There are 2 protein chains.
Amino acid sequence: MEFGSYVRDVRERRLNDDRSYSLRQVAGRVGLEPAYLSKIERDVTAPPSEETIGRLAEDLGEDRDLLLAMAGKVSNDLRQIIIRRAPLFADLLRQLKEAPDHAVLRIAREVRDGDW
Amino acid sequence: MEFGSYVRDVRERRLNDDRSYSLRQVAGRVGLEPAYLSKIERDVTAPPSEETIGRLAEDLGEDRDLLLAMAGKVSNDLRQIIIRRAPLFADLLRQLKEAPDHAVLRIAREVRDGDW
DNA sequence: AGGATCGTGTACTGTGTAGTACACACTACT
DNA sequence: AGTAGTGTGTACTACACAGTACACGATCCT
């Protein structure tokens, strides 16, 4: 699914039981021209900037990283984490490319529990 | 160190025992105008595109991911790995942010040895 | 019936990206 | 002494990015 159609779906679901989720009102809260948000939601134009996607995700109660991913972007803080130790993290990510979800999850859990 | 100065240092080191590493010849092999490479090496202009950095890294025998990182960029294939399973990898990376190098390396090794 | 709200069509703008093209002065051979 | 090669200054270009501004017709409310 495209970024825009997904945003539209989410917004319209919210709109069902909250009239403040009209395109115009969301655009107002997020700080965009309604015409621009309209074009975004119809995928007439490319997804907006990372900052705008962040505000949109917050207003719609969606996961910021997921929304960014649908826009083909990676959050700036993640980019910085990789860049700081580039060859190291590059290798790790390429190793993890084919690893199943539960393995990646297990690793994240182990690291969180601090057993290094 | 800035991207450009680093490239210049590397190139001049190569130039010491191989006259084919003049700015003009490298530019020729990599497919750039000499004036442009000159501006890049003096950090007068922003680092070039990912593709160009890749060709530069190859010609200079440098690590592609490292050079990209110095340019503030992340390789496209890594971005795709994250984007495919965005919230999952986002969480993992944030967990690993403070982990020491040897811990990250150990994880990469374990994954490579396929014990999941 | 009439104002408020709704989504959208069209035109325009400023900034950044990723370079090319050409001319110039300096140095190094031979 | 001449020519080949070196790095650099300046001007320019094409295209993408990230939007704003305004007008329009349709719908809802009361």
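Lettering follows sequence order; numbering is per chain, from 1. Just so we're clear, the structure is a prediction, and the values are computed from it rather than from any experiment.
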Check your understanding: Side-chain N or O of B/R11 less than 4.0 angstrom from OP1 or OP2 on D/dG7?
Key -> yes
Review point. Between B/L23 and A/P47, which is nearer to the 5' end of DNA chain D once each is assigned its nearest nucleotide?
Key: B/L23
Review point. Counting side-chain heavy atoms from CB outward, which of D/dT20, D/dG9, D/dT6 is closest to A/E33?
Key: D/dT20
Check your understanding: Closer than 4.0 Å, any side-chain N/O of B/S22 to the OP1 or OP2 of D/dG5?
Key -> no
Review point. Rounded to whole angstroms, how far apart are CZ on A/R24 and P on D/dA23?
Key: 13 Å
**Study point:** Any B/R42 side-chain N or O less than 4.0 Å from OP1/OP2 of D/dG9
**Key:** yes
Practice item. May I ask you to check whether B/S75 and B/R79 show a side-chain donor-acceptor distance below 3.5 Å? Key: no
Study note, to complete from the structure: Between B/A35 and A/S38, the residue closer to the 5' end of DNA chain C by nearest nucleotide is A/S38
Check your understanding: Are any of B/S49's side-chain N or O atoms less than 4.0 Å away from OP1 or OP2 of C/dA18?
Key -> no
Practice item. Could you check whether B/T52 gets within reach of a base, just the sugar-phosphate, or nothing at all, counting any heavy atom under 4.0 Å? Key: sugar-phosphate
**Study point:** Listed nucleotide nearest any side-chain atom of B/L32, set D/dG19, C/dT20, D/dG7
**Key:** C/dT20
Exercise for review: Decide, yes or no, whether a salt bridge links B/R55 with B/E51 under the criterion of side-chain N to carboxylate O below 4.0 Å.
Suggested key: no
Point to revise | 5′-ward residue of the pair A/K39/A/R8 relative to DNA chain C | key: A/R8
Review point. Contact class for B/L37 (heavy atom, under 4.0 Å): base, sugar-phosphate, or nothing?
Key: nothing
Point to revise | Exercise: identify the closest heavy-atom pair between A/P47 and A/A71 | key: CB-CB, 3.6 Å
Practice item. For A/E41, report the nucleic acid contact type (base, sugar-phosphate, nothing); a contact means any heavy atom under 4.0 Å. Key: nothing
**Study point:** Earlier contact from the 5' end, DNA chain D, for B/V44 and B/Q25
**Key:** B/Q25
Check your understanding: Would B/E12 and B/Y21 count as having a side-chain donor-acceptor pair, cut-off 3.5 Å?
Key -> no
